[in-house]
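Everything on this sheet refers to the single structure shown next.
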Amino acid sequence: MSISAQNPDISGERQSGQDVRTQNVMACQAVANIVKTSLGPVGLDKMLVDDIGDVTITNDGATILRMLEVEHPAAKVLVELAELQDREVGDGTTSVVIVAAELLKRANDLVRNKIHPTSIISGYRLAMREACKYVDEKLVTKVEKLGKVPLINCAKTSMSSKLISGDSDFFANLVVDAVLSVKMTNQRGEVKYPIKGINILKAHGQSARDSYLLNGYALNTGRAAQGMPLRVSPAKIACLDFNLQKTKMQLGVQVVVNDPRELEKIRQREADMTKERIEKLLKAGANVILTTKGIDDMALKYFVEAGAIAVRRVRKEDMRHVAKATAATLVTTFADMEGEETFDPAHLGTADEVVEERIADDDVVLIKGTKTSSAVSLILRGANDYMLDEMERALHDALCIVKRTLESNTVVAGGGAVESALSVYLEHLATTLGSREQLAIAEFADALLIIPKVLAVNAAKDATELVAKLRAYHHTAQTKADKKHYSSMGLDLVNGTIRNNLEAGVIEPAMSKVKIIQFATEAAITILRIDDMIKLVKEDGQGDE
């Protein structure tokens with residue numbers, strides 16, 4: 001039988017069966033191996049140089065994978081997985097990729113041993129559900145009316161693998177204060193911590209320990225003119241999204257003039273239009289004007305005379321946060337329904353005061369005492385750009401973790417404790433099942449142990465011995481009723497011993513762990529399902545269009 005009969009005319013190459021699976025698993029292992037060494041408190045950093053020579057030094061799994069520009073379609077799934085984890089939880093991006101890759105590797109071995117992928121998938125699904133249930137019922141610790149200590153511990157655990165782990169006490173306090181100060185209650189009465197309201201400004205100079213928390217939202221631009229006052233209080237803030245420059249005629253507008261003196265009038269009118277707009281603003285009571293576009297010198301003159309602060313070229317993002325914090329409305333045009341130009345005072349936001357301060361070598365405009373949510377800014381200091389960027393990423397992770405802890409109120413022990421407990425539990429569970437999912441669940445249980453193993457290897461400790469000890473503890477915890485407290489035993493990676501991580505203050509929000517297991521399983525299943533890959537070849541002649 002000729003080959004052409006099997007393969008209908010596909011203009012491309014087709015691979016199917018075991019080849020594809022092996023290839024996909026290899027690609028995912030390769031991606032996971034890149035981030036593997038950056039896991040844990042003793043993980044190492046990666047230096048990434050992009051195509052134009054920009055250097056990024058980071059320990060954050062999502063950042064590393066985002067910079068990698070992965071080509072392989074299956075490996076792309078892992079990159080998206082890390083980004084999903086980053087969006088949903090904020091931390092744990094490295095672990096999620098490692099677990100997913102390990103699950104895949106195990107599944108591939110099972111398929112080689114003639115077990116159908118569908119059985120493996122249903123086994124994994126079952127294991128995932130049981131694992132999440134077990135975490136929620138047995139391993140979580142409720143943190144009633146969270147004091148600061150558990151929050152600070154969570155932040156410290158999140159930062160332990162980052163560049164700033166040396167000063168983690170200092171930064172953890174900073175992060176917890178920042179998150180607590182943006183607390184707000186929405187209409188449904190839920191308490192939310194919008195960490196978007198925390199503005200992170202990076203300024204060169206001084207040491208990392210000189211970073212501090214500023215009450216107020218900081219805009220990274222100075223006043224538009226020197227003649228403006230340094231502080232305005234109380235402030236009425238107008239947020240504009242258009243140019244306050246001399247209005248020019250639109251393109252394609254033609255004016256036929258008979259008398260040359262009328263030219264002068266047209267020019268004068270152009271200048272007056274801007275003046276009228278500014279007068280409308282000032283009449284409405286605005287004394288702080290922020291715009292995302294430019295303001296020209298002639299317009300600035302009016303603001304200086306009125307004693308108002310005008311700031312031009314504000315970033316859109318900052319603008320949205322300021323508008324939200326001060327209850328202002330972003331105004332894109334003055335035109336109203338009647339075709340006239342008006343400005344409604346209701347669009348103004350309020351704040352206690354707006355001041356300009358010098359931070360490092362830059363002027364920043366601070367908006368303090370905002371009306372709705374309290375906005376805060378973290379001013380980071382550091383030696384160089386790389387360090388500041390990495391600090392920002394580390395703080396972002398820590399902020400997310402503290403927010404999750406506050407919103408979910410439950411924590412679990414870190415340092416491989418949860419993974420080992422689940423592994424022991426699922427292994428026991430697998431032996432009670434008489435169905436073909438048994439093998440898949442046993443492999444799932446084994447795969448979870450990759451986290452404590454990698455943690456131990458990164459810490460240059462004997463992984464085999466430590467993980468064996470850890471599993472022994474967890475087995476005891478689950479079989480003997482009086483030894484329940486052993487269930488929070490995890491690794492102490494500095495000394496290479498086993499300790500109770502709940503007491504040692506190595507804790508993480510339970511949600512983070514549950515999400516890691518769910519996302520990793522889903523990703524592994526997605527890739528495991530594939531057994532045929534058809535790569536279409538671009539046809540010549542069509543490429544030019």
Discussion item. Regarding D91 and H396, do their side chains bring together a donor and an acceptor under 3.5 Å, going by distance alone?
Written reply: no
Discussion item. If you apply the rule salt bridge (Lys or Arg N to Asp or Glu O under 4.0 Å), what do you find for D210 with R381, and how did you get there?
Written reply: CA-CA 6 Å; D210 290 321; R381 309 305 303 265; over 6 Å; no
Worksheet entry | Crowding at CE, M533 (>12 non-hydrogen neighbours, <6.0 Å) | yes
Response to the item:
Rounded to the nearest 0.5 Å, the CD1 atom of I507 sits from the OG1 atom of T405 at a distance of 7.0 Å
Fill in: Side chains of K453 and E102 in contact at under 4.5 Å (non-hydrogen atoms)
no
Fill in: Verdict with reasoning, E522 to M128, per side chain to side chain contact (heavy atoms under 4.5 Å, CB included)
CA-CA 9 Å; E522 290 297 335; M128 173 183 88; 3.9 Å; yes
Worksheet item: Does E508 reach the main-chain N or O of A413 with its side chain, forming a donor-acceptor pair under 3.5 Å?
Response: no
Discussion item. I need the L201 CG to Y217 OH distance, nearest 0.5 Å.
Written reply: 8.5 Å
Worksheet item: Got a second to check how far D45's CG is from I64's CD1, nearest 0.5 Å?
Response: 8.0 Å
Response to the item:
Rounded to the nearest 0.5 angstrom, the CG-CD1 distance for L378 and I200 is 5.5 Å
Worksheet item: Hey, what do you get for CG (D397) to CD (E392), rounding to the nearest 0.5 Å?
Response: 11.0 Å
Tabulate below the donor-acceptor pairs under 3.5 Å that side-chain atoms of residues 436-450 make, not counting sequence neighbours, or state none.
from, atom 1, to, atom 2, distance (Å)
E437, OE1, S435, OG, 2.6
E437, OE2, S122, OG, 3.0
D446, OD2, R106, NH1, 3.3

Item to complete: I would like to know whether S95 and K513 meet side-chain hydrogen bond (donor to acceptor under 3.5 Å, both in side chains); could you show each step before the answer?
Response: CA-CA 9 Å; S95 353; K513 283 292 179 222; 5.6 Å; no
Item to complete: Identify the residue among K162, R393, K46 that makes a side-chain hydrogen bond (donor to acceptor under 3.5 Å, both in side chains) with T58.
Response: R393
Item to complete: Examine distances only and state if a side-chain atom of N501 and a backbone atom of G414 form a donor-acceptor pair shorter than 3.5 Å.
Response: yes
Discussion item. Is it the case that over 12 heavy atoms from other parts of the model lie below 6.0 angstrom from the OH atom of Y134?
Written reply: yes
Worksheet item: Around atom NE2 of H321, are there more than 12 heavy atoms of other residues, nucleotides or ligands at under 6.0 Å?
Response: yes
